[in-house]
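Numbered from 1 within each chain, the chains take letters A, B, ... in sequence-line order. Owing to the predicted nature of the structure, the values given are computational and were not obtained by experimental measurement.
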Protein chains: 2
Amino acid sequence: MLVGQNPAGLAMLFCPGRDLFELITSRGPLLILWSPRDGPQRFYEVRNAVEGTSERVLSEVLKKLCRHGLITRHVEPSVPPKVSYALTGLGEGLLGIMDGLTGWIGRELENVEAAKRRYNAQEGMA
Amino acid sequence: MLVGQNPAGLAMLFCPGRDLFELITSRGPLLILWSPRDGPQRFYEVRNAVEGTSERVLSEVLKKLCRHGLITRHVEPSVPPKVSYALTGLGEGLLGIMDGLTGWIGRELENVEAAKRRYNAQEGMA
DNA sequence: CTGTATCCGAGAGGATACTG
DNA sequence: CAGTATCCTCTCGGATACAG
């Protein structure tokens with residue numbers, strides 16, 4: 001089920017791409033994906049960069065991102081082990097798209113806030 | 001807190017725009033926003049279009065979308081009442097941006113799936 | 001028809017401790 | 001250093017019943 005009579009292009013989204021869509025739009029992944037944007041990062045670097053995400057979630061998400069081919073995981077067999085994560089082309093592409101969204105938010109935020117104020121004002125009288 | 005040392009442009013996102021971002025990326029809103037894309041829709045029309053979202057969530061989300069100025073709510077004072085929801089310019093703009101994302105998913109989905117298969121294959125041996 | 005109120009279960013995600 | 005395991009809370013979202 002889920003979205004039957006909706007415009008095409010959406011239907012496409014909510015079946016095969018559903019999984020991917022949810023990955024992208026959940027809280028953790030975006031934040032984490034942003035982290036290695038300027039070059040590969042070690043586990044603890046990502047953790048510090050994101051700050052506010054537990055290690056449990058972090059490793060979980062990193063695994064997911066790997067599995068979807070958005071980042072790569074490189075292990076250097078030494079003691080202590082060094083593991084670094086880097087964006088793939090796919091991941092970069094996604095970030096590019098998300099820039100569209102963050103850009104839109106940046107541009108329109110003021111309008112949205114204005115709308116909120118108007119809405120609240122209306123509520124006040126009525 | 002939340003994202004301190006991250007690249008600029010992100011910081012912008014995760015403070016004032018945070019609220020808006022979360023609205024956009026939660027499950028209900030997107031689906032619901034898509035519904036009145038081809039013209040105003042009544043409450044039950046939206047409900048039928050989305051199918052899989054409870055009335056509780058639906059009315060809640062519609063209210064939020066209203067408050068953020070993404071849709072308008074028009075009440076026709078009759079018995080029984082007729083209420084219709086329509087996209088605003090702001091809402092249309094957002095949908096336009098989201099098309100970017102759905103488009104990307106559409107184009108790259110195959111690559112993502114391929115990456116998954118590769119990942120799983122590697123896991124098999126190792 | 002258009003909602004609001006109430007209840008409830010599943011799952012996301014945080015904190016902490018421990019292992020290779 | 002790089003995780004995994006465990007526990008636990010808290011919010012999201014579904015189902016249902018009822019009101020204007």
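Nearest-nucleotide assignment on DNA chain D puts the 5′-proximal partner with A/Pro80, out of A/Glu60 and A/Pro80. For A/Pro29 and A/Glu55, each mapped to the nucleotide of DNA chain C holding its nearest heavy atom, the one lying further toward the 5' end belongs to A/Pro29.
With salt bridges taken as basic N to acidic carboxylate O contacts below 4.0 Å, one links B/Asp99 and B/Arg37. The pair A/Lys64-A/Glu60 fails the salt-bridge criterion, with no side-chain N (NZ, NE, NH1 or NH2) lying under 4.0 Å from an Asp/Glu carboxylate O.
To the nearest angstrom, P of C/dC1 lies 15 Å from CD of B/Gln41. For the pair B/Glu22 CD and D/dG13 C1', the computed distance is 16 Å after rounding to whole Å. As a whole-Å value, the separation of B/Leu65 CG from C/dG3 P is 13 Å. In this entry the distance linking CG of B/Asn48 with C1' of C/dC1 reads 12 Å, nearest Å. Between the CG atom of B/Leu62 and the C1' atom of C/dT4 there is a distance of 14 Å, given to the nearest Å. Rounded to an integer number of Å, the gap from A/Arg47 CZ to C/dT16 P is 14 Å. Per the geometry, CG belonging to A/Leu58 stands 13 Å off P belonging to C/dA15, to the nearest Å. When the C1' atom of D/dC12 is taken as reference, atom CD1 of B/Ile32 falls 13 Å away, rounded to whole Å.
Which of C/dC1, C/dA15, D/dG13 sits closest to the side chain of B/Arg42 comes down to C/dC1. Distances from the side chain of A/Tyr85 to the nucleotides C/dT4, D/dT4, D/dG3 place D/dG3 closest. Checking C/dC1, C/dT4, D/dT4 against every side-chain atom of B/Ser59, the shortest atom distance belongs to C/dT4. When distances are taken from the side chain of A/Tyr44 to each of C/dG3, D/dC1, D/dG14, the shortest belongs to D/dC1.
The heavy-atom pair separating A/Gly69 from A/Leu90 by the smallest distance is O-CB, 3.5 Å.
Residues A/Leu62 and A/Leu58 meet the side-chain proximity criterion, which asks for heavy atoms closer than 4.5 Å.
Judged by distance alone with a 3.5 Å cut-off, no donor-acceptor contact links the side chain of A/Arg56 to the base of D/dG3.
Of the N and O atoms on the side chains of A/Glu45 and A/Asn48, not one donor lies less than 3.5 Å from an acceptor on the other residue.
Contact annotation: B/Ser54 side-chain N/O to D/dG13 OP1/OP2 distance is not under 4.0 Å. Note on B/Lys63: every side-chain N or O is 4.0 Å or more away from OP1 and OP2 of C/dG3.
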